[in-house]
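In what follows, a single structure is set out as structure tokens and then discussed.
Sequential numbering from 1 along the given sequence is applied to the chain's residues. Please read all numbers here as calculations on a predicted model, not as lab measurements.
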Amino acid sequence: MYLKSLELHGFKSFPDKVTLEFGKGLTAVVGPNGSGKSNIGDAVRWVLGEQSSKTLRGGRMEDVIFGGTQQRKPVGFASVTLNIVNDDRTLNVESDAVSVTRKLYRSGDSEYLINGNAVRLKDVVELFMDTGLGRDGYSIIGQGRVADIVGSKSAERREIFEEAAGISKFRYKKEESERRLKSAEENILRLNDILSELEGRVEPLRVQAEKAKKYLVLADSRRSLEIAVWTHRLGELKGTLETLEDSLLAAQAEFEHLENEISRCDGEIEELSEKRRQCAASADEYRQKITELEKKISAAEADVAVFKNNIEHYGSQIEETERAKQELSSGEAGLEAKIAEKRGDIEKINLERDNINSRIEALEKSLSETDAAAAEAESSLFGTNDTLSKLYIRKSELNFSAANAENTAAELEASLAEGEGSVGQGRAAVAD
């Protein structure tokens, strides 16, 4: 086993990465004071796990990181790698080459690597025990180290000799074993305390265990009974569910049937509503026509009243004419002929009067029938199509009656005019 090379990067006076190769035999590093020769030894001691900044000739551990100069900026970390040839397996590593690396960052974080694998400081220390390469080993003698050895106490010199003799590893293992033994004794003492405390709980725990066993048996029985009950209940629920599903299907069918019925009824309602609107419109038309007929009938009645008054007036004139005739019976023969002619005219007027009276009666009867038809039309507003047909027929009859009434009124007016002419002629004849 021998040191092959040393890699420094950012450590003290080595800001750039530097690799120092060491061959077999003696290697010397020479240079003026302050050139960094001692920093190489410090780097070896630091990578082997040195934790004292004083030993590394610094105030604190971050001082090993290159702090910068006027020409160079400071770096953020320090890294040192120690490469060792391990062909004789002096180090307990199954590899012919062993590299140990230590890194320190300005944040205070640090890490140790052996062949690229992260390890603990303890692993690095144990790796170099009894090899003479430990941080406290005799193989690294820095400035003032010889004076420290000569002036050291017997116990310190003993540690140096043990390290040189290769028994420090066993002493370390002895101390480690003693610590573990002491810890085991303390654990045994605590276990005895716990055991003595638990012994008082054994009997209550035994009673509780018996109760727990009974509980488990009863719990199993209860679980079985519950399963049986739930199985029976599940069967009942399944039967109920089937019944409800059948009822649901029947209800759904009935619901669909009712929906169809409702749709049909809605259609019928719409049709009836349309018929109702049509009937209402027809009734309004009938009411309007009846109102017009009533107005015409009122006018006809007024005309009839006038005709009656004229007839009475003509009768009185005829009576006066007859009286005048009787008075003039001794008149001329021509006057008698005229009187006979006037009598014929009077008979015609009487016949026309009778016709007018019959027509007035017919008009009054038609008016009564029209009022009845109007009442019937209002009562049968929401009737069937048959009623509407009857109303249409009645409408035609009323139209025909109205036309007859208008013709009759015209004839009466003509007859009245003829009567007035006859009366005038009678009066003229009487005057003659």
Side-chain angles (χ1 to χ4, degrees), residues 49 51 91-95 101-103 105 107-127 129 169-274 276:
Q51 299 298 311
L91 299 177
N92 189 20
V93 178
E94 294 298 327
S95 177
T101 303
R102 181 179 181 180
K103 291 183 179 180
Y105 300 90
S107 62
D109 297 333
S110 64
E111 58 181 349
Y112 293 88
L113 304 173
I114 296 178
N115 288 343
N117 298 320
V119 296
R120 301 170 297 172
L121 172 61
K122 179 181 179 181
D123 299 328
V124 176
V125 173
E126 290 180 353
L127 178 65
M129 275 187 178
K169 179 177 181 180
F170 299 102
R171 180 172 57 82
Y172 175 78
K173 290 183 177 180
K174 176 184 176 183
E175 293 176 354
E176 185 69 21
S177 298
E178 288 178 350
R179 285 196 298 271
R180 291 180 180 177
L181 180 61
K182 184 176 180 181
S183 176
E185 289 177 351
E186 292 176 354
N187 291 333
I188 291 171
L189 181 60
R190 286 196 295 271
L191 288 174
N192 289 329
D193 295 337
I194 293 172
L195 182 62
S196 61
E197 182 179 356
L198 294 177
E199 285 178 351
R201 302 181 184 178
V202 171
E203 185 62 23
L205 290 174
R206 185 183 62 77
V207 175
Q208 292 179 5
E210 292 179 356
K211 291 181 178 180
K213 290 178 181 179
K214 291 181 180 180
Y215 171 77
L216 292 175
V217 173
L218 295 174
D220 292 336
S221 177
R222 176 185 176 183
R223 190 178 298 107
S224 301
L225 292 174
E226 287 180 348
I227 292 172
V229 170
W230 281 110
T231 303
H232 178 69
R233 180 61 177 167
L234 183 60
E236 292 180 351
L237 291 176
K238 285 182 178 179
T240 305
L241 180 60
E242 292 177 355
T243 303
L244 292 176
E245 288 178 350
D246 295 337
S247 300
L248 179 60
L249 293 175
Q252 288 178 349
E254 185 177 358
F255 178 73
E256 292 177 356
H257 176 69
L258 291 175
E259 281 188 342
N260 295 329
E261 289 292 328
I262 289 171
S263 300
R264 185 178 61 80
C265 291
D266 289 338
E268 293 179 355
I269 289 170
E270 291 179 358
E271 294 178 358
L272 292 175
S273 298
E274 183 64 24
R276 178 183 176 183

Atom pair CD1 (I114) and CG (N117), whose distance is rounded to the nearest 0.5 Å: 8.5 Å

Worked check of salt bridge (Lys or Arg N to Asp or Glu O under 4.0 Å) between E236 and R233: CA-CA 5 Å; E236 292 180 351; R233 180 61 177 167; 3.4 Å; yes

Pair listing, side chain to side chain donor-acceptor pair (under 3.5 Å) test, anchored in residues 251-262, at least two apart: E261-R264

Criterion side-chain contact (heavy atoms from CB on, under 4.5 Å) on I262 and D266, from CA distance to verdict: CA-CA 6 Å; I262 289 171; D266 289 338; 3.6 Å; yes

Partners meeting side chain to side chain donor-acceptor pair (under 3.5 Å) with E210 (sequence neighbours left out): R206

Approximate separation, where rounding is to 0.5 Å, of I188 CD1 and L195 CG: 12.5 Å

Salt bridge (Lys or Arg N to Asp or Glu O under 4.0 Å) assessment of R190 paired with D193: CA-CA 5 Å; R190 286 196 295 271; D193 295 337; over 6 Å; no

Lys/Arg N to Asp/Glu carboxylate O, E242 vs K238, below 4.0 Å: no

Check: S177 and L181 side chains under 4.5 Å, non-hydrogen atoms: no

Given R102, K122, R120, the one that forms side-chain hydrogen bond (donor to acceptor under 3.5 Å, both in side chains) with Y112: R102

Sidechain-backbone polar pair: T231 side chain, I227 backbone, donor-acceptor under 3.5 Å: yes

Criterion salt bridge (Lys or Arg N to Asp or Glu O under 4.0 Å) on E226 and R222, from CA distance to verdict: CA-CA 6 Å; E226 287 180 348; R222 176 185 176 183; 2.9 Å; yes

Expected output: side-chain S224 to main-chain D220 donor-acceptor under 3.5 Å: yes

Neighbour count >12 (heavy atoms, 6.0 Å) for atom CG, N92: no

Least distance between heavy atoms, G49 atom then L121 atom: CA-CD1, 3.6 Å

L272 and R276, any side-chain heavy atoms less than 4.5 Å apart: no

Distance in Å, L216 CG paired with K211 NZ, rounded so as to fall on 0.5 Å steps: 14.0 Å

Separation of T243 OG1 from L248 CG (nearest 0.5 Å): 12.0 Å

